[in-house]
Amino acid sequence: MKKARMILDKDYQISQIDKRIYGSFIEHLGRAVYTGIYEPSHPTADRLGFRKDVIDLVKKLNVPIVRYPGGNFVSGFNWEDSIGPRELRPKRLDLAWKTTETNEVGLHEFCQWAKEAGSEVMYAVNLGTRGPDAARNVVEYANHKGGTYLSDLRVKNGAKDPFNIRLWCLGNEMDGPWQMCAKTAAEYGRIANEASKMMKWVDSSIETVACGSSSSTMPTFGEWEYKMLDECYDNVDYVSLHRYYGNPHNDTNDFLASSMDLDEFIKTVASICDTVKGKKHSKKKVHLSLDEWNVWYHSNQQDQKLYETEPWGSALPLLEDVYNFEDALLVGLMLITMLKNADRVKIGCLAQLVNVIAPIMTSKMGGAWAQTIFYPVMQASAFGRGISLMPQITCDRFDTKHYTDVPVVDAAAVLNDDESVTIFAVNRDLKDDVLLTLDMRAFGDMKVVSHLIMHHDDMKAVNTENNPNEVVPFEACATKAGEPVKLAYASWNVIRLSK
Ligand code: AHR
């Protein structure tokens, strides 16, 4: 059995955790909306056509904010197509996902769904085929009280009260050649600056997120952030980061180490933001919005076949990754990484929420169930609120194909509002358990009051509609006062301590 030690001190704090790091994302893509959150003929559908079984699962995740309506989709989207009487809304080709968008669900419906789910909306504007004018108009439509053409149109369309959308994305992945009307950093920075400026003139209480690189693997990563921010630093509040990982070569040690890459990515973007701050002698600090993150690779081959057999279909089963146990471990590690960077990462959107690379799956006219990755997200959202502490961990380290000095144990600790402490810990070792000694310093005598664990002998085990509880958290053996906590090999642990 391996050994590890963790020191926690009340006074060593990273930051207050912004609850929006537990956000998610719904794009008009595949079956996220149609037969995902919305299926009017489903037995559980409410009067608006939203599936109640899905909303119940979303509520379990306690999602404070949901990014919408894209993603790549937004770069060709006319927000005006999604309002007014449904029978008059146009059907359009969606060039991002080679499908047909019916616009049956639009701005009003989504805001109603989000309210029902207990979430705020993070709305993305189209800075691909559209620009600053459409962007400022949708802010006026959504947030202005009334008395202008656009705000009165919202009232006429059934929403007397403004939607009060506080957080706005300035386009999506504008450096990607796959994006409709992709741009250079300077082109995008100028447009983002003007759009954000006008949007804030319409409603000064909003915050905006500028597009960072689509991924840290982009050749322009770094330079893009610097040049784009140089154009818009003073008018934006956050820079977006997108990052997905996969295990296509079945190298699980390497896969579980990839949260180290996320840590590096976050720290690099934060330092570029601060470089531009310095260059501009600005007093303002731009924070980070990790508004797309997850594991994504299982569905890649299937999607290609679907495009060939059903060109321009609607609600196709695209990006339907079936997540296994090791994916849940990496998702846990990514959450730990976000918590340890809580001073800079203020928004996080698990991409996505339903059916499309999602923790929640549905079958058409059938059930809804939780994938393996659902559980670490649910537990972090439930117990990861308060102040992120600075854990000092001593443990063994190992090397993998792409990473060196990978700690066997990675963990984050949260001082919860009720003065209890929650530790989220992953044992990356695929064979050995680890005995973790906790040195709680000024906390005094703290006892482990609960230890929930996710562990499975089969790293590839999955949950399905017929077997939804194959990989779920369970209560670990009790830890006696003063004794070390056992972290089973390949496990995600939620350890709650209190006086
Ligand atoms: O989340 C799926 C897609 O991944 C999004 O549409 C895009 O922004 C990213 O490339």
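Every heavy atom of this structure was used, including side-chain atoms; hydrogens, water molecules and symmetry mates were not. Predicted model, so just to flag it, every value in this text is computed and none were measured. We count ligands from 1, going down the list as the structure has it; atoms in each ligand are counted the same way. Starting from 1, each residue takes its place in the sequence as its number.
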Worksheet item: Can you find a pair of side-chain heavy atoms, one from Ser214 and one from Trp224, that are under 4.5 Å apart?
Response: no
Worksheet item: Tell me, do Asn355 and Pro317 make a side-chain contact under 4.5 Å, heavy atoms counted?
Response: no
Discussion item. Would Asn72 count as a polar contact of ligand 1, with the cut-off being nitrogen or oxygen pairs under 3.5 Å?
Written reply: yes
Item to complete: State, yes or no, whether a side-chain contact exists between Leu153 and Tyr141 at a heavy-atom distance under 4.5 Å.
Response: yes
Practice prompt. Considering only non-hydrogen protein atoms, determine which one is nearest to atom 8 (O) of ligand 1 and report residue, atom name and distance to 0.1 Å.
Written response: Glu292 OE2, 2.6 Å
Worksheet item: Does ligand 1 have a heavy atom under 4.0 Å from the side chain of Ile357, from its backbone, from both, or from neither?
Response: side chain
Discussion item. Less than 4.0 Å is my threshold; does some heavy atom of Trp97 fall inside it relative to ligand 1?
Written reply: yes
Worksheet item: Polar-atom distance check: Tyr244 versus ligand 1, any N or O pair below 3.5 Å?
Response: yes
Discussion item. I'd like to know if Arg51 pairs up with Asp53 as an ion pair, taking the criterion as any Lys NZ or Arg NE/NH1/NH2 lying under 4.0 Å from an Asp or Glu carboxylate oxygen.
Written reply: yes
Practice prompt. Report the nearest protein non-hydrogen atom to atom 10 (O) of ligand 1: residue, atom name, distance rounded to 0.1 Å.
Written response: Glu173 OE1, 2.8 Å
Discussion item. Counting only heavy atoms, tell me which of Arg67, His28, Glu27 gets closest to atom 5 (C) of ligand 1.
Written reply: Glu27
Worksheet item: Looking at Arg166 and Glu120, does any basic side-chain N land under 4.0 Å from a carboxylate oxygen?
Response: no
Fill in: N/O donor-acceptor pair under 3.5 Å between Asn253 side chain and Thr400 backbone
no
Worksheet item: Hey, is Phe73 touching ligand 1 through its side chain, its backbone, both or neither, going by heavy atoms under 4.0 Å?
Response: neither
